[in-house]
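See structure below.
Atom set for the values below is all heavy atoms of this structure, side chains included, hydrogens, waters and symmetry mates excluded.
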Amino acid sequence: MARRTGEGVRIGPITLLTLVSVLLLAVLAMLCITTTHATEAMAQRQADALSQTYELDAFGQALLAQIDDQIAESGSPAAAAALVQHRSDKLLENAAEASSARDLRSFIDVAGTQVTFTVIAQDGKELVATATIAANGYTVDDWKMTTAQELPEQALLSTN
């Protein structure tokens, strides 16, 4: 007859190896999940930024088309610049409507035959462009898109 001793459960090398393997796989799974969430957040931020850039660009192009219409309506560069300054609010409104822009602040400044307009998005992205009105159209002298610094709530890995 076999005698029982009070030894309990014995952990052999195979059991120990299996336990360590399961723990390592669990850690790797958590790293994969974290990396996936970070990649998704970065991709979404990039898509939002690119959409905002295209929206600003479309607004600027629509505004240039409005300025071109004013040039065609007037007889001289000076008269066209005066029309642009006089109708600036309506031109900005028409450009926003034509480009389907949402929540943008925009300004026009006319100095002589030079028209400078600024378009600012809610996230701080900004388009500043300068066009010179000529007798047969306009020339774009400057077209600059700037981006605001990242806000703390836009951090890649957040604690939320």
Side-chain angles (χ1 to χ4, degrees), residues 21-160:
S21 297
V22 167
L23 287 174
L24 286 175
L25 287 174
V27 168
L28 288 175
M30 289 306 296
L31 287 173
C32 285
I33 291 170
T34 304
T35 303
T36 302
H37 286 294
T39 302
E40 179 186 14
M42 187 183 304
Q44 186 60 47
R45 278 184 31 213
Q46 185 175 4
D48 292 344
L50 195 56
S51 294
Q52 194 68 256
T53 299
Y54 284 138
E55 191 173 295
L56 287 172
D57 193 49
F59 184 93
Q61 294 294 331
L63 188 56
L64 285 176
Q66 294 290 319
I67 291 171
D68 199 34
D69 290 345
Q70 301 307 306
I71 295 169
E73 186 178 319
S74 65
S76 69
L83 274 176
V84 168
Q85 185 165 13
H86 178 69
R87 298 176 177 169
S88 63
D89 291 337
K90 187 66 175 167
L91 295 177
L92 292 171
E93 183 181 310
N94 290 344
E97 192 175 298
S99 66
S100 302
R102 311 173 313 274
D103 302 326
L104 298 178
R105 292 181 299 149
S106 52
F107 313 98
I108 292 180
D109 183 37
V110 180
T113 59
Q114 198 169 47
V115 178
T116 301
F117 58 89
T118 304
V119 186
I120 304 168
Q122 277 189 320
D123 67 353
K125 197 172 292 245
E126 181 177 286
L127 168 66
V128 178
T130 303
T132 302
I133 297 174
N136 57 350
Y138 62 87
T139 57
V140 176
D141 302 324
D142 191 29
W143 190 273
K144 189 184 329 179
M145 189 85 63
T146 58
T147 304
Q149 293 295 320
E150 183 178 286
L151 301 173
E153 62 268 9
Q154 293 174 327
L156 183 60
L157 297 174
S158 67
T159 57
N160 297 350

Next item on the list: Quick one: closest heavy-atom pair of L83 and S74, and the distance?
Entry: CD1-CB, 3.8 Å

Next item on the list: List the steps, then state whether side chain to side chain contact (heavy atoms under 4.5 Å, CB included) holds for Q52 with L104.
Entry: CA-CA 10 Å; Q52 194 68 256; L104 298 178; 3.9 Å; yes

Margin query: Quick check for you: to the nearest 0.5 Å, what is the distance between Q66 atom CD and S88 atom OG?
Written below: 12.0 Å

Notebook entry, point to check: Looking only at heavy atoms, what is the nearest atom pair of F59 and A101, with distance?
Noted result: CD1-CB, 4.0 Å

Item checked: D141 versus T132, side-chain donor and acceptor atoms under 3.5 Å -> yes

Item checked: Donor-acceptor side-chain pairing of D48 and Q44 below 3.5 angstrom -> yes

Note to self: Under the criterion side chain to side chain contact (heavy atoms under 4.5 Å, CB included), I'd like the reasoning laid out for F117 against L91: C-alpha separation, chi angles, the key distance, then a yes or no.
What the structure shows: CA-CA 11 Å; F117 58 89; L91 295 177; over 6 Å; no

Checklist line | Salt-bridge present (E40, R45; N to O < 4.0 Å) | finding: no

Note to self: Could you tell me if the side chain of I108 sits less than 4.5 Å from the side chain of Q85, heavy atoms only?
What the structure shows: no

Item checked: Nearest-0.5 Å distance, CG of residue L63 to OG of residue S106 -> 7.5 Å

Notebook entry, point to check: R87 versus E73: any side-chain heavy-atom pair under 4.5 Å?
Noted result: yes

Check: Can you tell me if K125 and T146 form a side-chain donor-acceptor pair at under 3.5 Å?
Finding: no

Margin query: Return the CD1 to CD1 distance between I71 and I133, rounded to the nearest 0.5 Å.
Written below: 5.0 Å

Next item on the list: Write down the atom of A62, the atom of A95, and the distance for their closest heavy-atom approach.
Entry: CB-O, 3.7 Å

Next item on the list: Drop me the distance from H86's NE2 to Q70's CD, to the nearest 0.5 angstrom.
Entry: 10.0 Å

Notebook entry, point to check: Does any non-hydrogen side-chain atom of V128 lie less than 4.5 Å from one of E126?
Noted result: yes

Notebook entry, point to check: Once you round to the nearest 0.5 Å, how far does CG of N94 lie from CG of D69?
Noted result: 9.0 Å

Next item on the list: Apply side chain to side chain contact (heavy atoms under 4.5 Å, CB included) to L127 and W143, showing your working.
Entry: CA-CA 7 Å; L127 168 66; W143 190 273; 3.7 Å; yes

Checklist line | From Q114 atom CD to Y138 atom OH, the distance as rounded to the nearest 0.5 Å | finding: 15.0 Å

Check: Minimum heavy-atom separation for M145 to D57, with atom names?
Finding: CE-N, 4.3 Å

Notebook entry, point to check: For F107, does the CZ atom have more than 12 heavy-atom neighbours from other residues, nucleotides or ligands under 6.0 Å away?
Noted result: yes

Check: Which heavy atom of L64 sits nearest a heavy atom of A131, and at what distance?
Finding: CD2-CB, 4.1 Å

Checklist line | For G112 against A81, the heavy-atom pair lying closest together | finding: O-CB, 3.1 Å

